[in-house]
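Contents: one structure, followed by commentary.
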Amino acid sequence: MEQAIEKSRLQRFLDGDLWHSFKRNPVAIISFIVTVIMIAAAAFAPLIAPHDPFNLAAIDIMDASVPPAWQEFGDPRFVLGTDDQGRDIFSTILYGARISLIVGFASVIFAMVVGISLGLISGYVGGRTDAFIMRIADIQLSFPSILIALLIDGVARGVVPKEMHTDLSIYVLIFAIGVSGWVQYARTVRGSTLVEKNKEYVQAARVIGIRPLTILWRHVLPNVMGPVMVIATIHLALAIITEATLSFLGVGVPPTTPSLGTLIRIGNEYLFSGDWWITIFPGVALVILVLAVNLLGDWLRDALNPKLR
Amino acid sequence: MALLNINNLRIEFPSRHGTVVAVDDVSLNVQPGEVLGVVGESGAGKSTIGNAVIGLLEPPGEMTEGHVLLKSEQIDTLSLEEKRKIRGRRIGMIFQDPLTSLDPLQTVEQQLVETIDLHLKLGEAKSQERAVDLLRQVGIPEPELRIKNYPHQFSGGMRQRVVIALALCAEPEVIIADEPTTALDVSIQAQILELMRRLCKDKQVGMLIITHDMGVIADITDRVAVMYHGKLVEEGTTEKILGNPDHPYTQSLISAVPRPDVRLRRFPMVNYIEEEGERTKDLDLSTHWLGQARDFDAVEGPLLSLKNLVMTFVTKPAFLKRNRIMFNAVDDVSFDINQGEVFGLVGESGSGKSTVARMVCSLYTPAAGEVNFAGTDLTKIKSQNELDYYRRQMQMIFQDPFSSLNGRMKVLDIVAEPIRFHKLASSNQEVEQIVMDLLDHVGLGAQAAVRFPHEFSGGQRQRISIARALATRPRFLICDEPTSALDVSIQAQVLNLLKDLQEELGLTMLFISHDLPVIRQMCDRVGVMKMGKLVEVSATEDLFENPKAAYTKELLDLMPRLDKLSHEGLELEDA
Amino acid sequence: MIAFIFKRLLQSVVVMLTVALIAFAMFRFVGDPVNNMVGQDTTDTERAQLAESLGLNDPFIVQFGRFAFNAMRGDFGISYKYRRPVSELILERLSATLELSFVSAVLALVVGIPLGVYTALRSKGIISKGIMVLSLMGVSLPTFLIGILLILLFGVVLRWLPTFGRGDVVDIYGWWTTGFLTVSGLKSLILPSITLAIFQLTLIMRLVRAEMLEVLRTDFVKFARARGLPDRAVHFKHALKNTLVPVITITGLQLGALIAFAIITESVFQWPGMGLLFIQAVADVDIPIMAAYLVLIAFFFVVINMVVDILYYAVDPRLRADAAV
C-alpha cells in the first residue's frame, strides 16, 4: 500500500515539470547533448586525441601550418590542420577545452560556496552584517568582473615569486574568476532568503525552537537553490569566456598548458598571413561550448520560472 | 431580452494534464439597475466568466461554446478591434486589488483623462472637468486637488474609488466587478459596496459582482448565481438563495458561513466538497500518545498573562538612533488567558494582533512588558535550552497554508521535526508511528505521511499544520488567522476540527482573526484591538450583544448582516 | 531632494575612499615600490633616501592620506616602466577610450532598447525568436572573438576597414584628441565600437525584454486593456515607461562597465586607449598605473551612478512620495 503512494526520487523527477519541459524543448535537449559530449571529450582527451600535442618528440616542425584536411595541401592525419609548431589543432582543442572546463567549473564552485554562504548570512542575520556585506557587493559590482579578475591576476604577479608563476597561475585564475563572480550568488540568495525567512514555515520552525543554522541549512537553503542553479549555469558560460579572455590577453594560463583562449591568442598572430584555421577552430569550439551552456541556462531559467511561459 | 445575456458559455483551458473545463454550460442575464452576484469557492470558474465577457481571457483559455449578448447584440464574435471599443465604453471592469490596478507613474488625472477622451472624444478641457466630477461622484474629498496626485498617494480604499471612477468614465451599461472588496478592510468594504450599489441604481447600470464572500452577496446583490466546479448549480433571488436554497451544495455552503448573530456548537453539513477522513473519535487520553507527558507544572491563576506589552518597529531607518522614526505596533497591551479558555483577539489589518501573537511565542522580542506563561516571564529567559521547555508547551498555527509548510520536505518530516527536536520519542519507528497517528487524528489519514505538501489542498495543508503544532504535545495553541485564506466550507471544517481538539485535549487557545463572526463561533472571551491598543475585553456574547467601546460598536455595525441566512438544521450553543 | 543628493554624495565618498584604500594597498604592499623605481646599481643609501622622500617610513594613515590627497589632484606617481607621471600617460589615452565607449554606448542603447521592446511585444513571433537566438549568440561570443571575426571579414577578406589604431586624429584644447573629424578616424571607429557594443547591446535588449514582459503581466496593464485603451497606448504609454524605471539603473551600470570592457577591444584592435595601457601594466606589474586606472574607473562609476539616481528620482513619483491619504 505504502509503496504505491511513495514515489522514488527518480519517478518524482520524471513526473515533474522540469523533465516535462525538457522533453518538449529540442533546443534544451540538443544543448544538453552537446555540453555532455564536449565535457566527455575534454575529460577523455588523452584517449580520444589522435596526437599528443605536448609530447615534443612526436611533433615535427615540418608539419607546421598544415591547412585543414579538406583544403589544398591538407593532410588527412590532421583533420583541422596544424599550428605554427606542427601540433594537431583537433588535439590541442581537446586538451585546451579540458583546461577551460576545469577552470570554469572550479571557479563556479568557488564563487557559489562563497556567494551562497555570505548571501544566507546577509539575508538571515540582517542589520549591520547585511549592510556591510551588501556594500562590499555593491562596490564590487561597479567593476566588471573581467577587471576584477585582471587586477587580482596583476596583484598575484607582483606577490608570487617569478619562478612559481607557471605552477600557480591556474589557481590564481580560478581564484580571480571565482572572486569576481560571488556577488551574483550572494545577492540572489540574500533576496530569496529575505523572502523565505518571513514565510510562515520558517517561523513555524522557530516556534518549535530549531536553531538558526539548522533553519538555514534544512529549510532556507533547499528553497533558494532554484535560482542559484540558473545563475551557476550562466556563470559557467561566463567563467569559460572570462578564462579565455584572460588567456587571450596573455595573463591567464601559461602557454605550456594552453586553454582555448591561449590557442586563439597564438592563432591570432597568423590571421593576417592567411592561416585562419589556427585561430578559428579553437574559437568555434569555444563558442559552441559557451552557447550550449548558455542555452541550457536560458531554458532552466524559463522552466523554473513558470510565470514567463 | 436582458441588458447582458450569457448563453450556454463553455470555456476550456488545454493543459498537459488534459483539458480543464473552467466554465461549463453557464447561462446568466443581468437587467439594467440590477446587481447579480456570482458566488463560488476557489476553482469554481467565476472569474473566468468576467474575463470572457470583456474578451480578455488569459491564454490558453478559449471560449468553445456559447454566446455573449449585450442589448441583443452578439459581442463574442466581434473582431478584436470592435471588442476593444466595447471595453470601457459599454462594459466597465473593476479588479480585486486597487494597489496594483493603477499605473504608478501617471497621475490619476492623466489616467482618467486618457480614458474619457478615448471613449467620449470630449477634448482635453471637458475631459478634465468630467474627471473631477467622477472623482466627486465616487466620494473622493477635494477632487480638484487630489486629481493631480499619483496613485501611491491614495490609501487602499481611496484607490478602489479611483478604480471605480475609471470604470465609470464612459458611462458603461454594464459593470463587472471581480472580488472588488476582497483586498480591503471590513469598514472600507462596507463603504465601497454602498457606493457601488448607489451608482448602479442611480445610473441604471447592470452590475455583475463576482465574489466568494457571502457577506458581499447579502449586502449588495438582488439575485445570486451559485457556481461549483464550473457549473451553475442554482440561481435565484438573494432571499431565496440565502434563506432557502435547493441544491445540496448551496445548502452546505450556506450552513458553513459563520453566523454573526448566533453561536453554533458545530458547523453542520460541510462535507460536500472535500470529504473529511474518518477521525478517531473518543480519544482515550490515558493511553494515547497525545495524552502522555501532559503533567505540566500546575498553574495558579491565568496560564498566560501579558503585562504592558510594547512593540516598536522602525518605519524609517537611519544610521543615527535619534533620526529613526519609530512606530508602536503594540502599545501597552495587557490581558490574561485562563487555562482551558479560548481567547479571541480581533481587529483590522495593522491593529497589532498578529504582533501580539508573535511576541507570545518569542518570535519577536517585546520592547517592554512581560509575557508570563505558567508563572514565568519568557522575556527574561536568556538560555535557548530553557526557552525550549516552554516552546514545547506552546505552539502556533499560521495563516497561509501555502507558505507555512516547507515544500521540499515530506509531510512525515514536517510533522516529525518538532518530535525529533524535542526528543519526544525514543526511536525513528516510534516517531513514524506517532506522526501517522496524528495525521489520522486531524482527519488526513496515515498515508498522507509519505506525500509532499503540494499534493494537498489548502484545507488539508492547514490540517498538516495543526498536526505539526500538536506534535510537541502543547497545552497552549496560538491560531493566527488560521482559516482566513480558506474557502468558507473548508473554513467550517477546520474550525470544527479546532473546536473538537480544544475540547478533547483541554487546550488553551489564543485565537486571532479579523472576522467577527468567526470569533463569535470560536471564542469564550474577546479582546478588541485598534492601532496597537486594546480597547475592550469582554466575554464573547456580552461583546456582541452589549459592546462597550465605541470602536467595537462601529466594527459590529459594519459587519455584514446575514439576516437572510437560513436557520434550518442548526445546532445552537446552549447559552 | 537636497537631502537625497547629499546622502548619495556621502555614499559616493565612501566608495571612493574604499577603492582608494585598495589602490593604495596595492601600491604599497605589492612588491617594493623602491625596488621598482630604481636600477640594480643603486646604493642602499640612495634607496633609503628615496624611501624617505616617498614618505614610506611615515605611519600608514599618513601615507594613505597623502596618497588620497595626491590622487584627488590627479597625481598617481611615476610609472615603473615608462618612468613618466601616470597622470600624463592616462591623459594621453583618455580621449581614445572615452570616444570609443561613447559611440558603443549610443549604439547599444539605440539598438538594444527598441529590440527589447519589439521582442517583448511580439514574444511569440518568428522574428522575435530569431532575435533571441542571435542575442544568445551575442552573449556566448567572447568580445575578443567578435573582434577577431570582424577583422578577418572586413580587414583581411574584404579589406574595407582599418583593423588597428585610431587613424588620423585632430587635437582640440591641446589634450583631447578626436577621431570624429577625419574620415580615417571615423572608419577606424567602426569595427572597435561594434565589437565593444555587441555584448552590452544583447544585455540591454534581454533586460528590456524581461522587464517589459513582467510589466505586461501586471494588473494595471490588464486594467488599462479592460478600459478599452488601444494596444499602442497600453504598450508605449503605460508599459514602456514602467519598464524603463528599473532598466535605467542597470543600464547605467552597464555603460560604466563599457569603459572597463574597452580593455579587451583595445587590445584586439591595438586601440591606443587606457585599457591597452592597463593591460600592459598588468603584464608588467606596473602598479601605479593599475592603481590609477582602478581609481579612475571607480570615479566614472560614481558619477554615472549619481546621474542615474537623479534620473530615477525624476522618473518615479513614488520616490518623491508623501504619505498616502
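Computed from heavy atoms alone, side chains included, the values below leave out hydrogens, waters and symmetry copies. Convention: sequence-line order gives letters A, B, ...; per-chain numbering from 1.
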Which residue out of Val15(C), Leu136(C), Val282(C) racks up the most heavy-atom pairs below 4.5 Å with chain A? Leu136(C)

Quick one: what part of Leu149(C) sits under 4.5 Å from any heavy atom of chain A, side chain, backbone, both or neither? side chain

Should we say atom CZ of Phe22(A) is surrounded by more than 12 heavy atoms from elsewhere, each under 6.0 Å from it? yes

Looking only at Asn305(C), Val133(C), Leu152(C), the option with the highest number of non-hydrogen pairs under 4.5 Å against chain A is Leu152(C)

Whatever's closer than 4.5 Å to a heavy atom in chain A on Ile304(C) counts as neither

Partner chain A: residue of Ser123(C), Ala281(C), Gly155(C), Ala298(C) with the largest heavy-atom pair count (under 4.5 Å): Ala298(C)

Sub-4.5 Å heavy-atom contacts with chain C: which residues of residues 284-295 of chain A show up? Leu286(A), Val287(A), Val290(A), Leu291(A), Asn294(A), Leu295(A)

I'd like to know which of Thr242(A), Ile139(A), Thr279(A), Ile280(A) tops the heavy-atom pair count under 4.5 Å against chain C. Ile139(A)

Distance in Å, Ile148(C) CD1 paired with Arg265(A) CZ, rounded so as to fall on 0.5 Å steps: 10.5 Å

To the nearest 0.5 Å, what is the distance between CG (Leu151(A)) and CE (Met26(C))? 5.5 Å

Identify the two heavy atoms, one from Met290(C) and one from Val155(A), that lie closest to each other, and give their separation to 0.1 Å. CE-N, 4.0 Å

Rounded to the nearest 0.5 Å, how far does CG of Leu249(A) lie from CZ of Phe144(C)? 8.0 Å

Under 4.5 Å, heavy atom to heavy atom, which residues of residues 264-277 of chain C contact chain A? Ile264(C), Ser267(C), Val268(C)

Nearest 0.5 Å, what's the CD1-CG distance between Ile279(C) and Leu150(A)? 4.5 Å

Look up atom OG1 in Thr143(C) and atom CD1 in Ile241(A), then write down how far apart they are to the nearest 0.5 Å. 7.5 Å

Can you tell me if CE on Met137(C) sees more than 12 non-hydrogen neighbours from other groups inside 6.0 Å? no

Count the heavy atoms of every other residue, nucleotide or ligand shown that sit under 6.0 Å from CZ of Phe300(C), and state whether that count exceeds 12. yes

Mind checking the CG-CD1 spacing from Leu147(A) to Ile263(C)? Nearest 0.5 Å is all I need. 5.0 Å

Does atom CD1 (Ile126(C)) have a neighbourhood of more than 12 heavy atoms from anything else shown, all under 6.0 Å? no

Choice from Ala244(A), Ala237(A), Gly250(A) maximising heavy atom contacts with chain C below 4.5 Å: Ala244(A)

Please flag which part of Tyr293(C) lies under 4.5 Å from any non-hydrogen atom of chain A: side chain, backbone, both or neither. side chain

Whatever's closer than 4.5 Å to a heavy atom in chain A on Val302(C) counts as neither

Atom OH of residue position Tyr82(C) - does it have more than 12 heavy atoms of other residues, nucleotides or ligands inside 6.0 Å? yes

